[in-house]
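Down below is the structure, laid out as structure tokens.
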Amino acid sequence: MADAASPQARSALADVWHHGRQGRTDGMAGVRVVERSDVAVASIAARKGQAAALATKIEARTGLVLPVTPRLVAADHLSFTWTAPGQWVAMADGEEGMAFADELVADLGSLAAITDQTDGRTILRLSGTHVREMLAKGCMLDLHDTVFKVGDTAVTPIALITAQITRLGDEGSVAAFELAVMRSFTQSFWHFIEVSSAEFGLDVS
Amino acid sequence: MLLIECPHCGPRAEIEFRCGGEAHIARPADPSALDDNAWAEFLFYRSSPKGVHAERWNHAHGCQRWFNALRDTMSDRILATYPAGAARPNITTIEAAR
């Protein structure tokens, strides 16, 4: 049993997902899914009238320009994703959640309200030759490359569960998307992914 | 499915939104100076035109921001959307929206 003083982070999917191949078993899996669990996540909401000052400070510290439209900016291990006017989600690969949020608060606390979301969200990376067909069963957006371009992001219901979907760069020659849902909706969302991917074959890793 | 153009997110499906009733109704600066009739008028009296109507809408399942829309109540067509606080576009007929 884990030490009560230092609880271990546990994926919201731990009870429901099975690694390996699911659904159609012949040929290549049409949909591949990976959970991003080694990432720190924090929400940033600019204080009243401070959005410009916040953007200036973040650019000075990181070289990244906070997007003012639904876009993702990323460099090295750090990224900022637009979620609403004056609101962003910051993600840092390989960092510990609270430490990352504390670091942001120390730096930007006077300009923005910052909250650790690392354990509050499940982040999945989906790719594959049939990932768009699979997402189309629950997502109302047009995900074609000419409309939803690399770096575009949107907060929208997918299978009636509010999610943030971001178009990442291609993985090999196939499109990749990042999906973030609130932790408490993760198991329902996972059910949508499993049943919607079955006809194409689903590879979980 | 009706597509509504959120001023922040772009065109989205109608079910992402909630309608919040008539737009551009300013709260009286000094409510205690009003008589009951004037206060009731502010609270409850709304226009219900046949044609172009300015309404408040909320992008509830997206950016969660309020904005305003001009909607034709006969065809249910959204003629224009604009951020909260912006002036109402000068569209009074459906023809003017084209």
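Throughout, a chain's letter reflects where its sequence line sits, starting with A, and its residues are numbered from 1. What you see is a predicted model, and the numbers here were worked out from it, not measured in a lab.
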Over all atoms of both residues, closest heavy-atom pair of A:Thr156 and B:Glu16: OG1-OE2, 2.6 Å
Could you report the tightest heavy-atom contact between B:Arg12 and A:Val155, atom names first, then the distance? NH1-O, 2.7 Å
With chain B as the partner chain, list the residues of residues 87-106 of chain A whose heavy atoms fall under 4.5 Å from it, by residue number, and write 'none' if nothing qualifies. A:Gln87
Decide if atom [atom1] of [X] counts as having more than 12 heavy atoms of other residues, nucleotides or ligands within a radius under 6.0 Å.
| X | atom1 | result |
| --- | --- | --- |
| B:Arg18 | CZ | no |
| B:Tyr82 | OH | yes |
| A:His191 | NE2 | no |
| B:Phe42 | CZ | yes |
| A:Leu160 | CG | no |
| A:Asp15 | CG | yes |
| A:Asp76 | CG | no |

Testing B:Cys63, B:Pro7, B:Cys9 for side-chain contact (heavy atoms from CB on, under 4.5 Å) with A:Pro85, which one passes? B:Cys63
Between A:Thr83 and chain B, with a heavy-atom cut-off of 4.5 Å, which part of the residue counts as in contact: side chain, backbone, both or neither? backbone
